[in-house]
Novice: 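Mind having a look at this structure? Questions to follow.
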Amino acid sequence: MEEGPYKYIRDGAGKVCRVIRIGTRKSQLARIQTDSVADKLKELYPDIHLEIVGMSTTGDKILDTALSKIGEKSLFTKELENALERNEVDLVVHSLKDLPTTLPPGFTIGAVLKRESPHDAVVLHPKNVGKTLDTLPENSVIGTSSLRRAAQLKKRFPHLEFKDIRGNLNTRLKKLDEKEDFAAIILAAAGLRRMGWENRISQILEPEDCMYAVGQGALAVEVRARDADILEMVSILHDPDTVLRCIAERAFLKHLLYLTGAVYSLDGSESLKDTMQTSITSIEEVDERVQRVGVTANKMSGEVQDRAERLGVDLANLLLSKGAKEILTVARQLNDAR
């Protein structure tokens, strides 16, 4: 039965209960991630009724163009947020790295779950088993859909070539295994582990080789900011350490704890990298209804969250003062001209 924006059902005892609808992308990995959040909610709230709603996003539909060329800031989130706005779903599960640092008005990240490995992983073509990026032959082609990965890895492994590869995890692995186009591909270790494909990881890239994306490895639950009941329900899923790290990282991207940040030119020849640290020992009063780079964590110290956000901003400003703006401007121009 429907009443206003909400959906209700009668349980076995005849009691009317609200159905909590969870929006997700349709890919296998997205469903696995969403199911893991749903399982946690069911464990914490045994009486709630959950319904999972799958949908396709712009990023899922446009597979013949590099992500950096499409230009849309919310490739994997817009359709899900539209459903949230229309009250067709009550919360949405994302990979945090897919969420822009500024959310549309009326939305907030109500939970950031404990982070899986944030690192990138090398998956080798079967014929290259036993090799690493260092030992692959000259001009071996590496597939990646990420400018971030390509720019850093070109600098670290100048003997390799990097080409775009699109599609979900299943599709990219199939392209790697069934063709001779790529010697290896680069994927997020977290996704491979969640899919149960850890045995395909040939090499984990440490930050010295390739720094991971902002928010990588963490799952985020996006909700309507005004929906106090849902916000309260999902807030129990917050992992405090992950929240603070991701606030710092998202603040850095927008304008850790211990945080290292860097910017790279597209060919990897120019780079700036720096590290800052802050103390998070203070645990005091909690701020109410305050978002920090799109994250609402009402049960955590506002002061500590502010420090995390300030850390990201200060690190960004430090790199800007050293010439990061010029590097990024040239990188954007080169990408636009490709």
Side-chain angles (χ1 to χ4, degrees), residues 2-8 18-25 30 33-34 37-38 40-41 44-45 48 50-53 55 57 72-114 214-215 218-240 242-251 253-255 285-310 312-313:
E2 304 280 343
E3 184 176 317
Y6 304 126
K7 180 178 178 181
Y8 297 86
R18 180 176 167 188
V19 178
I20 307 298
R21 296 158 298 179
I22 307 178
T24 178
R25 292 166 64 192
Q33 294 178 164
T34 300
V37 172
K40 286 184 172 67
L41 288 173
L44 293 163
Y45 306 101
I48 66 170
L50 298 176
E51 184 179 292
I52 294 176
V53 181
M55 56 195 81
T57 68
E72 174 61 62
K73 296 294 186 189
S74 51
L75 289 173
F76 297 108
T77 61
K78 191 173 184 179
E79 286 80 0
L80 297 170
E81 287 174 337
N82 288 344
L84 197 57
E85 187 171 33
R86 294 191 298 262
N87 291 300
E88 293 169 1
V89 297
D90 302 298
L91 54 110
V92 176
V93 177
H94 304 279
S95 292
L96 180 58
K97 67 182 176 65
D98 291 337
L99 279 172
T101 52
T102 302
L103 299 184
F107 299 110
T108 190
I109 297 169
V112 180
L113 283 75
K114 186 172 179 60
V214 165
L219 297 181
V221 180
E222 187 178 16
V223 301
R224 293 179 290 269
R226 69 177 184 276
D227 203 338
D229 288 350
I230 297 291
L231 192 54
E232 175 69 19
M233 181 184 78
V234 302
S235 67
I236 197 170
L237 300 175
H238 269 309
D239 176 68
T242 304
V243 170
L244 294 175
R245 291 177 184 276
C246 290
I247 284 175
E249 292 172 21
R250 286 169 64 80
L253 182 61
K254 189 181 181 182
H255 183 89
E285 77 283 354
V286 172
D287 284 2
E288 292 294 324
R289 299 289 180 267
V290 176
Q291 281 195 41
R292 291 167 181 81
V293 281
V295 179
T296 300
N298 293 327
K299 292 182 171 64
M300 292 177 59
S301 162
E303 181 187 342
V304 171
Q305 292 182 69
D306 286 340
R307 289 191 197 178
E309 185 175 25
R310 187 74 245 165
V313 172

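What you are looking at is a predicted structure, and each value in this text was computed from that prediction instead of being measured.
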Novice: Checking Ser95 side chain against Asp98 main chain: does a donor-acceptor pair fall under 3.5 Å?
Specialist: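 Checked: no pair found.
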Novice: Any non-hydrogen side-chain atom of Thr24 less than 4.5 Å from a side-chain atom of Met55?
Specialist: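 Side chain of Thr24 against side chain of Met55, heavy atoms only: no contact under 4.5 Å found.
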Novice: Who pairs with Arg310 by salt bridge (charged side-chain N to carboxylate O under 4.0 Å, His left out), at least two apart in sequence or on another chain?
Specialist: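 Checked Arg310 against salt bridge (charged side-chain N to carboxylate O under 4.0 Å, His left out); matches are Asp314.
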Novice: Atom CG of Leu244 and atom CD of Gln305: how far apart are they, to the nearest 0.5 Å?
Specialist: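 Atom-to-atom, Leu244:CG and Gln305:CD are 6.5 Å apart.
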Novice: At their closest point, which heavy atom of Leu91 faces which heavy atom of Leu84, and how far apart are they?
Specialist: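 In this case the closest contact between Leu91 and Leu84 is N-CD1, 3.7 Å.
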Novice: Are any of the side-chain heavy atoms of Leu41 and Ile48 separated by less than 4.5 Å?
Specialist: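 Yes; the side chains approach each other to less than 4.5 Å.
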Novice: Report yes or no: do Arg21 and Asn87 form a side-chain donor-acceptor pair below 3.5 Å?
Specialist: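 Result is no, nothing qualifies.
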Novice: Take Val243 and Met300, measure what side-chain contact (heavy atoms from CB on, under 4.5 Å) needs, and give me the verdict at the end.
Specialist: CA-CA 9 Å; Val243 170; Met300 292 177 59; 3.9 Å; yes
Novice: So which heavy atom on Thr242 is nearest to which on Ala218, and how close?
Specialist: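 Result for this residue pair: CG2-CB, 3.9 Å.
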Novice: Can you measure from CG (Leu253) to NZ (Lys97) and round to the nearest 0.5 angstrom?
Specialist: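 It is 13.0 Å, given to the nearest 0.5 Å.
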Novice: Rounded at 0.5 Å granularity, tell me how far CE in Met233 sits from CG in Asp227.
Specialist: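 Answer rounded to 0.5 Å: 9.0 Å.
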Novice: What distance separates Cys246 SG from Asp239 CG, expressed to the nearest 0.5 Å?
Specialist: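 Here the rounded value is 9.0 Å.
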Novice: Could you go through Ile22 and Asp90, starting from their C-alpha distance and side-chain angles, then the distance that decides it, and tell me whether this counts as side-chain contact (heavy atoms from CB on, under 4.5 Å)?
Specialist: CA-CA 6 Å; Ile22 307 178; Asp90 302 298; over 6 Å; no
Novice: Are any of the side-chain heavy atoms of Leu50 and Val19 separated by less than 4.5 Å?
Specialist: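 Answer no - side chains too far apart.
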Novice: For residues His238 and Val295, report the shortest heavy-atom separation together with the two atoms involved.
Specialist: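 Residues His238 and Val295, closest heavy atoms: CE1-CG1, 4.1 Å.
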Novice: Within this structure, what is the CZ-CG distance for the pair Phe107 and Leu80, rounded to the nearest 0.5 Å?
Specialist: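 So the CZ of Phe107 and the CG of Leu80 are separated by 10.5 Å.
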Novice: side-chain contact (heavy atoms from CB on, under 4.5 Å), that's the test. Do Tyr45 and Ile20 meet it? Break it down for me.
Specialist: CA-CA 11 Å; Tyr45 306 101; Ile20 307 298; over 6 Å; no
Novice: Can Glu303 and Arg307 be said to form a salt bridge (charged side-chain N to carboxylate O under 4.0 Å, His left out), step by step?
Specialist: CA-CA 6 Å; Glu303 181 187 342; Arg307 289 191 197 178; 2.7 Å; yes
Novice: Could you walk me through whether Glu81 and Arg224 pass the salt bridge (charged side-chain N to carboxylate O under 4.0 Å, His left out) check?
Specialist: CA-CA 9 Å; Glu81 287 174 337; Arg224 293 179 290 269; over 6 Å; no
Novice: Please test Leu231 against Thr108 for side-chain contact (heavy atoms from CB on, under 4.5 Å), starting from the C-alpha separation and ending with a verdict.
Specialist: CA-CA 9 Å; Leu231 192 54; Thr108 190; 4.0 Å; yes
Novice: When you measure from the side chain of Gln33 to the backbone of Leu219, do you find a donor-acceptor pair of N or O atoms at a distance under 3.5 Å?
Specialist: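 Looks like no, no N/O pair under 3.5 Å.
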Novice: Hey, does the side chain of Arg250 reach the backbone of Arg292 with a donor-acceptor pair shorter than 3.5 angstrom?
Specialist: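 Such a contact is absent between Arg250 side chain and Arg292 backbone.
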Novice: What distance separates Thr34 OG1 from Ile52 CD1, expressed to the nearest 0.5 Å?
Specialist: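 Answer for the OG1-CD1 pair, Thr34 versus Ile52, is 6.0 Å.
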Novice: Please list, chain by chain and in numerical order, all residues satisfying side chain to side chain donor-acceptor pair (under 3.5 Å) with Glu222, sequence neighbours excluded.
Specialist: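 Residues passing side chain to side chain donor-acceptor pair (under 3.5 Å) with Glu222: His94.
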Novice: So which heavy atom on Lys299 is nearest to which on Ser235, and how close?
Specialist: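 Closest approach of Lys299 to Ser235: NZ-OG, 3.2 Å.
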Novice: Under the criterion side-chain contact (heavy atoms from CB on, under 4.5 Å), which of Val93, Leu237, Val234 is the partner of Leu113?
Specialist: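 Answer to the side-chain contact (heavy atoms from CB on, under 4.5 Å) test with Leu113 among Val93, Leu237, Val234: Leu237.
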Novice: Which atom pair, heavy atoms only, marks the closest approach of Ala220 to Leu96?
Specialist: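 The pair with the smallest heavy-atom distance is CB-CD1, 3.7 Å.
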Novice: Would a 4.5 Å heavy-atom cut-off, applied to side chains only, mark Ile109 and Leu103 as touching?
Specialist: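 Contact flag for Ile109/Leu103 side chains = yes.
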Novice: Quick check: closest heavy atoms across Gln291 and Ala225, and the distance to 0.1 Å?
Specialist: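 For Gln291 versus Ala225, the nearest heavy atoms are NE2-CB, 4.3 Å.
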